[in-house]
Amino acid sequence: MQPFTAKVVEVIKGIPAGKVMTYGQVAAAAGSPRGARRVVWVLHSLSEAHSLPWHRVVNAKGEIALPGDEARYTQRAMLEEEGVLFDGDYRVDLERCRWQAEKLEGDE
DNA sequence: AAGATGACTAGGT
DNA sequence: GACCTAGCCATCT
């Protein structure tokens, strides 16, 4: 596993309930400011086994990024359950619910 | 090695 | 706000 992947996991684990982060933020916190798409890839490879709060990661507009209606509905339900405020049907209130993680530069 | 792909983003129309 | 384009970067064909 690459260090970047490990950092992404750490960052996402650090998002408290009721808060969300964007792909760009997660990538930056993991040390790759332009690596939003790498985060996507990491999530694809992790989505199965880990009990990671992946649902707290949304795109830059605050929208749920999952494809398909069912998955999006489920994610929104989980977020609302945690107290995340929604701006629209599938858009969270980023101003209120964005979480600023600490940057993890050094090795862990 | 070259092109396509993805749960992305920023900037322009 | 909706839509398009050009960057982005690891992985897969």
Side-chain angles (χ1 to χ4, degrees):
Chain A
M1 183 186 293
Q2 303 190 341
F4 178 78
T5 302
K7 289 180 184 176
V8 168
V9 170
E10 289 305 306
V11 171
I12 295 179
K13 275 186 180 175
I15 308 176
K19 293 291 178 181
V20 299
M21 277 184 80
T22 69
Y23 291 87
Q25 277 185 289
V26 172
S32 184
R34 312 294 179 276
R37 312 195 77 149
R38 299 173 64 186
V39 174
V40 169
W41 215 90
V42 171
L43 261 46
H44 266 261
S45 57
L46 296 180
S47 57
E48 315 162 358
H50 305 59
S51 56
L52 201 68
W54 52 268
H55 54 277
R56 296 183 191 142
V57 183
V58 297
N59 69 22
K61 298 173 190 164
E63 297 169 328
I64 287 174
L66 288 170
D69 289 340
E70 273 185 67
R72 297 210 313 254
Y73 185 87
T74 303
Q75 182 173 358
R76 184 180 64 170
M78 285 191 287
L79 291 174
E80 289 182 318
E81 194 74 19
E82 300 179 344
V84 173
L85 304 170
F86 276 74
D87 217 12
D89 279 1
Y90 291 102
R91 191 163 78 214
V92 307
D93 185 341
L94 271 185
E95 296 301 302
R96 289 168 171 274
C97 302
R98 189 196 312 248
W99 175 252
Q100 181 98 55
E102 289 180 26
K103 199 174 180 185
L104 310 173
E105 281 299 340
D107 293 16
E108 304 82 273

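Protein chains get the first letters and strands the later ones, always in sequence-line order, with residue 1 at the start of each. All values reported here derive from a predicted model rather than from experimental measurement.
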key: Closest-nucleotide 5' rank along DNA chain B - winner of A:Asn59 and A:Trp41   = A:Trp41
request  = Could you give the distance separating C:dC8 and B:dG6 at their C1' atoms, to the nearest angstrom?
outcome  = 12 Å
task = Any salt bridge (charged side-chain N to carboxylate O under 4.0 Å, His left out) involving residues 65-75 of chain A? Give me the pairs, sequence neighbours left out, ordered by first then second residue.
result = A:Asp69-A:Arg72
query = Once you round it to whole Å, what is the distance between C1' of C:dG1 and OH of A:Tyr90?
reply = 20 Å
task = Among residues two or more places apart or on two chains, list those pairs meeting side chain to side chain donor-acceptor pair (under 3.5 Å) that have a residue in residues 16-34 of chain A.
result = A:Ser32-A:Arg38
Donor-acceptor pair, side chain of A:Arg76 and main chain of A:Ile64, under 3.5 angstrom = no
task = Check whether any side-chain N or O of A:Glu63 sits under 3.5 Å from a backbone N or O of A:Tyr90 as a donor-acceptor pair, and report yes or no.
result = no
ask   = Counting any heavy atom closer than 4.0 Å, what does A:Arg37 reach on the DNA or RNA strands: base, sugar-phosphate only, or nothing?
value = base
request  = Would you check if the side chain of A:Asp87 reaches a backbone N or O of A:Arg91 as a donor-acceptor pair within less than 3.5 Å?
outcome  = no
query = Rounded to the Å, how far apart are A:Gln25 CD and B:dT9 P?
reply = 9 Å
ask   = Reckon A:Ser32 touches a base, only the sugar-phosphate, or nothing at all at heavy-atom distances under 4.0 Å?
value = nothing
message = As a test of reading the structure: which of C:dG1, B:dC8, C:dT11 is closest to the side chain of A:Val40, going by heavy atoms?
response = B:dC8
ask   = In whole angstroms, how far is the P atom of B:dA7 from the CE atom of A:Met78?
value = 16 Å
task = Rounded to the nearest angstrom, tell me the gap between atom OH in A:Tyr23 and atom P in C:dG7.
result = 24 Å
task = Look at the side chain of A:Arg34 against the base of C:dC8 and say whether a donor-acceptor pair falls under 3.5 Å; ignore hydrogens and angles.
result = no
message = Quick check on DNA chain C: between A:Glu63 and A:Gly35, whose nearest nucleotide comes earlier from the 5' end?
response = A:Glu63
query = Expressed in angstrom and rounded to an integer, what is the separation of A:Leu46 atom CG from B:dG6 atom P?
reply = 18 Å
d(NE2, A:His44; C1', B:dC8) in whole Å = 11 Å
C1' gap between C:dT13 and B:dA1, integer Å = 12 Å
ask   = Between C:dT11, B:dA10, B:dA7, which nucleotide gets closest to the side-chain atoms of A:Ala60?
value = B:dA10
key: Spacing between A:Arg38 atom CZ and C:dC8 atom C1', to the nearest angstrom   = 11 Å
ask   = CH2 of A:Trp54 versus C1' of B:dG6: gap in Å, rounded?
value = 16 Å
